[in-house]
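The structure appears right after this line, and notes come after that.
The structure presented is a predicted model; accordingly, all values stated were derived computationally and were not measured.
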Amino acid sequence: MIIFLETLGCSRNRVDSEIMLGKLVAAGHSITDDPHLAQVIIVNTCGFISTASDEAVDVLLEMAKLKKTGLCKKLIATGCLSQRYKEDENLLSALPEVDAFLGTAAIDLIGEAVENESKKPLIVFPDPVNRPFQDLAEQRQLTNNFLAYIKVSEGCNRKCTYCIIPSLRGIQRSRPVADICKEAAILVKTGVKEILLTAENTTDYGQDFQDGKGFEHVLASVAATLENEHANANTWIRFLYTHPKTLTESIIKSVKNHKNICSYYDVPIQHASSSILKKMGRPYTIEDLYALFNTIRKIDPGAALRTTIIVGFPGESDADFDQLMTFIKDIRFDHLGVFTYSDSDDLKSHLLKNHVPSKIAEKRHGMLMAAQAKISVSINEKHVDKTFEVLVEENPEKGVYIGRTKFQAPEVDGVTFIYANGLEIGTFVKVRITEAFEYDIAGEIL
C-alpha cells in the first residue's frame, strides 16, 4: 500500500506518527508525502482544545474527498480526537467517511487498520494506561532527518481544570532512563543534530518511580551518553513542556553544567494571577513564579525563557489581567505564546462562574501579544553584532537560508535568516547577526 500520514497537534503526536510510519515501512508499505498518490490516508489528530478538534474534523473531511477524486481507498483517524469522542454514539454517523478510529494507545495496531479488508469500520480504543513504550528494535521513520523528539514519559497526573489530556493519555508513566539514552544514541548515529525531550510535563519525570531520580538525572544521562559515545558529533539537547512546580534548581544546574544542553526553558505558566491559577488547578502562586524565573537567571544568566498563557479563563477580571501584563513586562520572556480560553462541556472549568465574553478575551489576547512584540524586538536587537551557532534547516530562495540558534525552538519560536550560498541543510554554521525583527533575526556567515 502507498500511505500518506498527516500529523496534527503536538510533538508527542509527531513521535507517535513516526512510530506508526516505521511499523508500516517494516511491514512492506511505502510512504508518500502527496495525499493524491496515497491508497491509504492516516490523520493523526489533535483534540486538546475545540479549535484543534475542529481543525482535525476539517482535515479528515478534506482528505475524504480524495476517496472520490484520488487513489484513496481507506481513511484512518488516530490520536486524541478519536480518543476524546470514543464514547460518543454519533462518532460513526458524524464521520461516515472514516474507515477506522484508533485511540491514543492503539498505534501498534496501525498495520491491522491499514490491511483490514472488512467494510465495517474498525474501532479500537485500548486503555492508555496499558500502552507499552516504543520498542527500540523497531526503527522510527523520521519526518525530519536532522531533528527528533524523544518522549521521556507518557500521560499526566495533573488535574488542571482546563485540560483533558489525562483522560486521553492516561496517568503518568516514566520511561527507563537507559531506554531514553539508547534512543538518543541511535538517533544521533542516523545523523540527527538536535534531540528534543518531550512529555506532557517533562520535569514531572520520575514521580512514579521509587528511586528519587528526577528529570535532572535524564538530562545528565543523555548529555553524558552523547558526550561519551559521540565525542566528535555536535548535537543539541533541548527539553520542552516543563512544569513550574517541578522545575528545580538541580535541573537548572544540570543544564548549566552540560554544554550540549540548550539553555532554553519552556515553562508554560498559563497565567500569573494567583486566584486564576488556583481556579486552573495550577499548584503555585505569582510569588512562586517570580522566584522561579529569578532562580533560573541567577544560575544560568544566558538562559532563554519561553512561556504560554491562557487569557479569558472563567473569572478572569481586569485586575487579574493587569497582574498578568505586569508580570510579563517584569520577566521579559524571549518567546511567548498566547491562547484564548477554549471551553467545552467535558472540562471542569466549564462549570466555573463568570465566563469571559469572547470579545474581551480576544482584546486581552491582542494586548498581550502587542506587549510581547515590543519585548521581543528589544531582546533581538541585543543580538545584533553577536555571533551564534545556527542549525541550517531550509533554503527557500537563492542566497537565503533559514535556521535556528539554541535560543529558538522549532515551529514555535522565531527563526534566523542566513544570507549565504552553498550551505548544507542539517549542518551547523557560525552566523553574525546583522538585523533584528519582532520575532526573527538575520545575519551573515563569518
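Between Phe293 and Phe333, the ring planes are perpendicular. Angles over 60° get that label, and only those under 30° would be called parallel. In this pair, Tyr265 and Phe239 present their aromatic rings perpendicular. The plane angle is above 60°, beyond the 30 to 60° band. Taking the six-membered ring for Trp and thresholds of 30 and 60 degrees, Tyr341 and Phe313 have ring planes more than 60 degrees apart, a perpendicular arrangement.
When each of Lys406, Arg306, Arg404 is paired with Asp413, the salt bridge (Lys or Arg N to Asp or Glu O under 4.0 Å) condition holds for Arg306 and for no other. Applying the side-chain contact (heavy atoms from CB on, under 4.5 Å) test between Leu277 and each of Asp288, Thr285, Leu289 identifies Leu289 as the sole match.
Salt bridge Arg169/Asp16: present, at least one basic N to carboxylate O contact under 4.0 Å. Looking at Glu316 and Arg364, a side-chain N of the basic residue comes within less than 4.0 Å of a carboxylate O on the acidic one, giving a salt bridge. Residues Asp179 and Lys151 are not paired through a salt bridge, judged by the lack of any N-O separation under 4.0 Å between the basic side chain and the carboxylate. We find that Glu154 and Arg131 are joined by a salt bridge, their nearest charged nitrogen and carboxylate oxygen being less than 4.0 Å apart.
Counted within 6.0 Å of CG on Asn294, heavy atoms from surrounding residues, nucleotides or ligands total more than 12; the atom is thus considered enclosed.
Side chains of Ser344 and Arg84: a donor-acceptor N/O pair is present below 3.5 angstrom, by distance only.
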Would Asp108 and Lys23 count as a salt bridge (Lys or Arg N to Asp or Glu O under 4.0 Å) here? Give the steps. CA-CA 8 Å; Asp108 286 345; Lys23 290 178 179 294; 3.3 Å; yes

